Amino acid sequence: MRVLVVEDERLLADAVATGLRREAMAVDVVYDGAAALERVGVNDYDVVVLDRDLPLVHGDDVCREIIRLGLPTRVLMLTASGDVSDRVEGLELGADDYLPKPFAFSELTARVRALGRRSTAPLPPVLERAGIRLDPNRREVFRDGRQVQLAPKEFAVLEVLMRGEGSVVSAEQLLEKAWDENTDPFTNVVRVTVMTLRRKLGEPPVIVTVPGSGYRI
């Protein structure tokens, strides 16, 4: 899952991004509304965590533009105000969910994951395929009943492949969904991560390489 965090309080923005990355999400961070509009114009995000009171371009206007562009991106709006009227106004702008500050990080994570599921075709919360059982909420993976311990990026790559439901996922798509925009597009990190993932999942191999196209399960 790829997430954009838009928050002008830099310490909060960076803390949220770090926490979401530990949950195996690819996260980009910007600190004002103008930068947010630039990012959503060039990158595909599953969820935007959007502070309402932003400099340069207000969060309301960022939300309106996402809606106007017809993007499948889901918007979780943050605000320091917990008034019901403010929450209603934010939802009427087109935001998919609303979370007042201060918030529990566990709740933020749960809401982001729920919105991420809504940004794609409906899939069950727990993904199962080829003897693999992946639970995004618990961050658990089992292969034929045996628990498999994965690093965050390995988990993210496996989740993207599982959500592909047997279709081929290119290295570029994996890079876009599992890593942030600071990753070198010419790196071999995808190939190395897939190799490690194959080894940890064990025999027989379930990740198939499709020459010149990508990978599938």
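Computed from a predicted model, the values in this text were never measured in an experiment.
The structure places CG of D96 at 6.5 Å from CD1 of I67, a figure rounded to the nearest 0.5 Å. Rounding to the nearest 0.5 angstrom, the gap separating the SG atom in C63 from the CZ atom in R68 is 13.0 Å. Rounded to the nearest 0.5 Å, atoms CG (D60) and CE (M77) are 5.0 Å apart. Distance check, rounded to the nearest 0.5 Å: OG of S167 to CZ of R216 gives 9.5 Å. Atom-to-atom distance recorded for L127:CG and R163:CZ is 5.0 Å, nearest 0.5 angstrom. Rounding to the nearest 0.5 angstrom, the gap separating the OG1 atom in T196 from the CG atom in L201 is 10.5 Å.
Side chain of R133 to backbone of R143: no donor-acceptor contact under 3.5 angstrom is found. Under a 3.5 Å cut-off, the side chain of E7 and the backbone N or O of E9 do form a donor-acceptor pair. Proximity of a side-chain donor or acceptor of D135 to a complementary backbone N or O of R138 within less than 3.5 Å is detected. With hydrogens and angles ignored, the 3.5 Å screen pairs a side-chain donor or acceptor of K153 with a backbone N or O of A178. With Q173 contributing its side chain and S170 its backbone, the two residues share a donor-acceptor pair below 3.5 Å. Of the possible polar contacts, none joining the H58 side chain to the D53 backbone as a donor-acceptor pair under 3.5 Å is found.
Contact check for E107 versus L99: side-chain heavy atoms found under the 4.5 Å cut-off. Put simply, the side chain of E128 does not reach to within 4.5 Å of the side chain of L134, judged on heavy atoms. Counting only heavy atoms from C-beta outward, the side chains of L50 and L78 never approach each other to under 4.5 Å. Side-chain contact check for V48 versus R74: every heavy-atom pair is 4.5 Å or farther apart. Taking 4.5 Å as the limit, every side-chain heavy atom of V3 sits out of range of all side-chain heavy atoms of Y45. Residues D32 and D8 fail the side-chain proximity criterion, which asks for heavy atoms closer than 4.5 Å. Residues D97 and L115 have side chains in contact (heavy-atom distance under 4.5 Å, counting atoms from C-beta outward). Considering only heavy atoms from C-beta on, V112 comes within 4.5 Å of M1 through its side chain.
Looking at D28 and R2, a side-chain N of the basic residue comes within less than 4.0 Å of a carboxylate O on the acidic one, giving a salt bridge. Between K177 and D46 there is a salt bridge, since at least one side-chain N of the basic residue sits less than 4.0 Å from a carboxylate O of the acidic one. A salt bridge does not link E154 to R198: none of the charged nitrogens lies less than 4.0 Å from a carboxylate oxygen.
Annotation for R64: atom CZ counts as buried by contact number, over 12 foreign heavy atoms lying within 6.0 Å. Atom CZ of R146 sits in a crowded spot, with more than 12 heavy atoms from other residues, nucleotides or ligands closer than 6.0 Å. Other residues, nucleotides and ligands place more than 12 heavy atoms under 6.0 Å from the CZ atom of R113.
V148 and F142 are members of different hydrophobic clusters when ILVMFWY side chains are connected at heavy-atom separations under 4.5 Å. Under a hydrophobic-cluster definition in which Ile, Leu, Val, Met, Phe, Trp and Tyr are linked whenever side-chain heavy atoms come within less than 4.5 Å, directly or via other members, V27 and F103 are assigned to the same cluster. Residue V190 is not grouped with residue V210 when hydrophobic side chains (ILVMFWY) are merged at heavy-atom distances under 4.5 angstrom, including chains of intermediate members. Using a 4.5 Å cut-off between side-chain heavy atoms of Ile, Leu, Val, Met, Phe, Trp and Tyr, with links allowed through other members, M195 and I132 fall into different hydrophobic clusters. A chain of hydrophobic side-chain contacts below 4.5 Å, direct or via other Ile, Leu, Val, Met, Phe, Trp or Tyr residues, connects I66 to L37.
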Item checked: Y31/D51 under side-chain hydrogen bond (donor to acceptor under 3.5 Å, both in side chains): CA gap, chis, key distance, verdict -> CA-CA 9 Å; Y31 307 106; D51 182 38; over 6 Å; no
Step by step, work out the side chain to side chain contact (heavy atoms under 4.5 Å, CB included) result for V194 and Y215.
-> CA-CA 9 Å; V194 169; Y215 308 92; 3.8 Å; yes
inquiry  = Is there a side chain to side chain contact (heavy atoms under 4.5 Å, CB included) between E38 and V30? Walk through the geometry before answering.
reply    = CA-CA 10 Å; E38 179 183 340; V30 294; over 6 Å; no
Set out, in order, the CA-CA distance, both residues' side-chain angles and the distance that settles side chain to side chain contact (heavy atoms under 4.5 Å, CB included) for I217 and M162, then state yes or no.
CA-CA 7 Å; I217 293 179; M162 294 281 283; 4.1 Å; yes
task = Might you work through the side chain to side chain contact (heavy atoms under 4.5 Å, CB included) test for T193 and L174, ending with a clear yes or no?
result = CA-CA 10 Å; T193 302; L174 287 172; over 6 Å; no
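For the residue pair Y98 and L76, the shortest heavy atom distance occurs at N-CD1, 3.8 Å. Taking every heavy atom of both residues into account, A36 and L4 meet most closely at O-CD2, 4.2 Å.
Figure legend: cation-pi geometry between R139 and F155, with NZ or CZ positioned under 6.0 Å from the six-membered ring centre and within 45° of its axis.
No option in V29, T109, V47 other than T109 meets the side chain to side chain contact (heavy atoms under 4.5 Å, CB included) test with L20.
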